[in-house]
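Here's the structure, in structure tokens; my notes come after.
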Number of protein chains: 2
Amino acid sequence: MKKISLKTIANELGVSSATVSLVLNGKDKNGRVSKDLSEKILAKAADLNYVPNTLAKSLKVGKSKTIGLIIADISNLFFGALALHIQTFAQQKGYTVLIGNTNEKLSEMEHMVNFLLARQVDGFIITPTEKSDNLLKRLNNSNIPLVLVDRTFPELNINSVLINNYEISYKSTELLINKGCKNIGIVTYKQDHFHVNERRRGAVDALKNAGIFNPDNVEEVRYEYLREDISAAIYKMINRNPKVDGIFFTTNSISINGVKALIKNDIFVQKDIQIMCFDENDAFYILPYAVPFIKQPIKEMARTAIDLLIAQIEGDNKTETVILEAELVEKEKVVNQ
Amino acid sequence: MKKISLKTIANELGVSSATVSLVLNGKDKNGRVSKDLSEKILAKAADLNYVPNTLAKSLKVGKSKTIGLIIADISNLFFGALALHIQTFAQQKGYTVLIGNTNEKLSEMEHMVNFLLARQVDGFIITPTEKSDNLLKRLNNSNIPLVLVDRTFPELNINSVLINNYEISYKSTELLINKGCKNIGIVTYKQDHFHVNERRRGAVDALKNAGIFNPDNVEEVRYEYLREDISAAIYKMINRNPKVDGIFFTTNSISINGVKALIKNDIFVQKDIQIMCFDENDAFYILPYAVPFIKQPIKEMARTAIDLLIAQIEGDNKTETVILEAELVEKEKVVNQ
DNA sequence: GAAATAAGGTTAATCGATTAATTACAAATT
DNA sequence: AATTTGTAATTAATCGATTAACCTTATTTC
């Protein structure tokens with residue numbers, strides 16, 4: 001069972017493969033191919049179960065209609081949802097998405113970039129790792145369409161889709177303050193990510209403006225040792241004097257692990273300690289108490305990123321940074337058990 | 001800034017592109033290319049930042065070193081983790097993974113198959129949708145390497161990686177029985193999936209053997225109306241007479257939505273009603289009570305699927321069905337609040 | 001009736017990389 | 001001296017599809 005190519009069809013019908021190509025691409029109007037032959041070709045293609053070779057086409061036309069998506073870790077709920085939506089929108093516009101994971105490592109990001117370049121992607125959507133600014137600068141200088149999502153390097157002037165990290169974090173921290181917390185902790189990454197830093201800055205500013213900021217209450221954890229570091233951070237916070245009575249978590253992975261750690265330490269969440277989490281999690285809906293969280297407009301982020309990227313691919317060359325608004329969700333306590 | 005090809009390097013050095021190709025592929029031993037020239041070529045390639053065109057290579061050699069992964073929905077935790085591990089193992093073996101979502105729709109699965117075939121994937125890993133047996137049969141007959149994961153069509157004789165759905169479900173249901181439940185419900189899909197049916201069969205058999213099976217306690221929900229149907233199912237179960245005192249959920253999405261519905265209805269989970277869930281969920285770790293669940297060996301499933309597939313791609317042609325063992329996790333109550 | 005236009009095709013180059021077959025020497029072997 | 005072997009490179013066909021340019025023949029137009 002050998003592969004069916006344009007030539008196979010052409011030969012069986014005794015015509016040239018050029019004609020077959022024209023018909024199969026719908027370019028047989030304006031008297032290029034007779035109605036009669038068109039139909040014969042279409043029928044034969046269907047009959048033979050012809051599947052075009054996209055590789056050959058891409059090679060010839062110099063566009064692959066493929067987008068490289070580079071994210072940290074596809075099994076993370078945030079990135080998984082982002083990837084799903086990006087794929088859906090891309091598909092609607094006729095593009096395929098190749099997904100690469102970096103695991104937050106620069107070397108893996110570098111590898112994925114080269115790998116995807118070799119596969120002739122027409123553009124990139126990237127959630128860049130720490131210290132990837134040089135790599136991004138190189139990419140950007142080579143003029144390949146590029147959009148950053150979730151994170152950015154402001155000094156680099158690359159298209160970016162972000163949320164209002166500072167503002168939403170400020171506002172969310174205010175909520176904790178308004179609930180009466182006097183000694184609020186922040187758990188954030190040690191890593192240097194613009195978006196995480198903005199969240200931290202927002203929280204810190206809210207505390208400062210309320211006159212209750214205490215630098216000792218900021219705990220930094222490492223991505224590679226998330227569980228251990230968060231456990232330690234929580235332990236410190238609850239054994240400090242005075243004990244922390246509110247915590248702002250700056251990312252989804254920190255949030256969920258933070259909550260786990262609190263519970264492990266027999267802390268009565270939302271009673272002993274008020275918390276504020278980043279990103280939605282199924283878990284928050286089944287806890288016996290309300291967990292307020294910051295909900296990112298993932299679908300909109302995906303749509304905007306795809307729109308920006310495809311505009312670039314199709315020739316637009318202005319640089320844009322789109323800031324979408326995250327939402328503070330304070331759902332009521334679901335049950336009383 | 002035009003693209004750098006083999007020819008660019010060849011021209012700049014005044015040699016043929018064949019020589020450059022040999023060197024860049026490490027085929028310059030056995031006196032094919034002089035050490036001197038080899039080094040010059042390597043240096044020039046690095047200097048020009050040469051990135052090979054994988055499309056051209058694939059076209060020529062007839063292999064794309066690409067695997068098509070077709071799953072239901074990448075934002076689902078189970079599939080997300082599966083995809084991540086499949087990608088990792090594939091990459092280790094030099095393969096790229098193209099991911100497609102079906103949203104459990106046959107038409108979308110059909111589309112993804114053709115789409116990936118057009119992109120010349122060397123093989124498929126698929127979690128097939130309902131009623132996709134004909135499509136799979138066609139694929140299998142066309143001799144393209146193919147491995148099913150999570151689900152299968154036993155009558156089709158296609159390589160499959162599964163878990164011991166029947167046994168683990170039987171055993172898990174026994175646990176509910178041993179806990180003293182006398183009136184156990186099952187919430188499962190209306191859809192006709194072999195793996196889900198096996199789970200259901202396992203649970204039913206356990207109940208029958210204990211002499212407490214009641215067909216009225218089996219509720220079927222639709223994938224497209226999961227929330228609504230589960231709400232309704234739970235409502236029925238808790239208002240039935242006698243009220244259900246234990247529930248077996250057959251998939252992860254059913255489990256998490258089932259728990260949500262229970263809590264919404266003010267049911268004291270693990271007190272009023274014992275439950276048994278499929279698949280791990282962060283949520284289970286932060287609930288104030290122990291939720292036993294069935295943990296699938298996702299990483300092993302991924303590894304096995306990749307191994308089977310690559311064996312096929314490389315010429316092996318025996319058909320195998322690998323059954324991995326799922327684990328019943330009964331973690332102790334984490335906290336007492 | 002000559003020139004222009006339209007209809008319905010085909011030819012052949014091309015995208016970038018691979019590789020079997022070939023060439024051209026130089027050195028070694030008989 | 002003739003032949004074989006080894007080293008170092010090139011030539012040219014090929015993968016499958018696209019498309020500008022070209023070629024026929026038939027039909028209009030002036």
Side-chain angles (χ1 to χ4, degrees), chain A residues 2-42 44-45 48-66 114-115 117-122, chain B residues 2-42 44-45 48-66 114-115 117-122:
Chain A
K2 62 169 179 310
K3 291 252 168 129
I4 309 294
S5 72
L6 278 190
K7 203 176 280 181
T8 319
I9 300 179
N11 287 343
E12 293 219 359
L13 254 34
V15 299
S16 77
S17 64
T19 306
V20 179
S21 172
L22 290 175
V23 171
L24 261 29
N25 285 295
K27 294 185 180 160
D28 53 345
K29 307 309 165 201
N30 312 96
R32 304 285 282 117
V33 184
S34 69
K35 191 126 204 277
D36 203 42
L37 182 52
S38 263
E39 283 168 0
K40 258 188 218 154
I41 289 175
L42 256 15
K44 183 55 96 177
L48 292 178
N49 240 307
Y50 169 70
V51 176
N53 187 322
T54 313
L55 263 34
K57 172 168 187 169
S58 297
L59 178 61
K60 185 60 179 64
V61 305
K63 315 216 156 308
S64 65
K65 286 279 184 176
T66 299
N114 281 321
F115 179 86
L117 278 177
R119 288 196 127 75
Q120 310 300 114
V121 295
D122 295 335
Chain B
K2 60 170 182 306
K3 291 254 168 128
I4 309 293
S5 71
L6 278 190
K7 203 175 280 181
T8 319
I9 300 179
N11 286 343
E12 295 219 358
L13 254 34
V15 299
S16 77
S17 63
T19 306
V20 179
S21 172
L22 290 175
V23 171
L24 262 30
N25 285 296
K27 295 185 180 158
D28 52 346
K29 308 308 165 202
N30 312 96
R32 304 284 281 119
V33 183
S34 69
K35 191 125 206 273
D36 202 44
L37 183 50
S38 261
E39 282 169 1
K40 258 188 217 155
I41 289 176
L42 255 15
K44 183 56 98 178
L48 292 178
N49 240 307
Y50 169 70
V51 176
N53 186 324
T54 313
L55 300 184
K57 171 167 187 170
S58 298
L59 177 60
K60 184 60 179 65
V61 304
K63 315 217 157 308
S64 65
K65 287 277 182 178
T66 300
N114 282 321
F115 179 86
L117 278 177
R119 290 196 125 76
Q120 311 301 115
V121 295
D122 294 336

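Numbered from 1 within each chain, the chains take letters A, B, ... in sequence-line order. None of these values were measured; they are calculated from a predicted model.
- Taking every heavy atom of both residues into account, A:Ser17 and A:Leu6 meet most closely at O-CD1, 4.1 Å.
- With rounding to the nearest 0.5 Å, the separation of OG in B:Ser58 from CG in B:Asp122 is 7.5 Å.
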Return the polar atom pairs (N/O with N/O) between nucleotides 6-8 of chain D and the protein under 3.5 Å, or none.
{"residue": "D:dA8", "atom": "N7", "partner": "B:Gly31", "partner atom": "O", "Å": "3.4"}

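- Nearer to the 5' terminus of DNA chain C, by closest-nucleotide assignment, is the contact made by A:Thr19 (compared with the other of B:Val51 and A:Thr19).
- B:Gln120 and B:Ser64 get closest at one heavy-atom pair: O-OG, 2.5 Å.
- Looking only at atom types and distance, the side chain of B:Thr66 has a donor-acceptor partner in the side chain of A:Arg119 under 3.5 Å away.
- Taking CD1 from B:Ile41 and NZ from B:Lys44, the interatomic distance works out to 11.5 Å, rounded to the nearest 0.5 Å.
- The interatomic distance linking B:Lys7 (NZ) with D:dT11 (C1') rounds to 13 Å, in whole Å.
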Under 3.5 Å donor-acceptor pairs involving side-chain atoms of residues 22-29 of chain A, not counting sequence neighbours:
{"residue": "A:Asn25", "atom": "ND2", "partner": "A:Ser21", "partner atom": "O", "Å": "2.8"}
{"residue": "A:Asn25", "atom": "ND2", "partner": "A:Ser21", "partner atom": "OG", "Å": "3.4"}
{"residue": "A:Asp28", "atom": "OD2", "partner": "A:Ser38", "partner atom": "OG", "Å": "2.5"}

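- Among the protein residues, A:Lys57 comes within range of the sugar-phosphate backbone only, with heavy atoms under 4.0 Å from sugar or phosphate atoms but none that close to a base.
- Remark on DNA chain C: of its neighbouring residues B:Ser5 and A:Gly14, the 5'-side contact belongs to A:Gly14, judged by nearest-heavy-atom nucleotide.
- Within the 4.5 Å cutoff, no side-chain heavy atoms of B:Ile4 are placed close to those of B:Asn49.
- Computed from coordinates, the A:Leu24 CG to D:dT19 C1' distance equals 15 Å when rounded to whole Å.
- A:Leu59 places none of its side-chain heavy atoms less than 4.5 Å from the side chain of A:Leu55.
- Among the heavy atoms of the strands lying under 4.0 Å from B:Val15 are primed sugar atoms or P, OP1, OP2 only; no base atom is included.
- Nucleotides of DNA chain C lying under 4.0 Å from heavy atoms of chain B occupy a range whose first and last members, 5' to 3', are C:dG16 to C:dT19.
- Mapping B:Ser38 and A:Leu22 onto DNA chain D by nearest heavy atom places B:Ser38 at the nucleotide closer to the 5' end.
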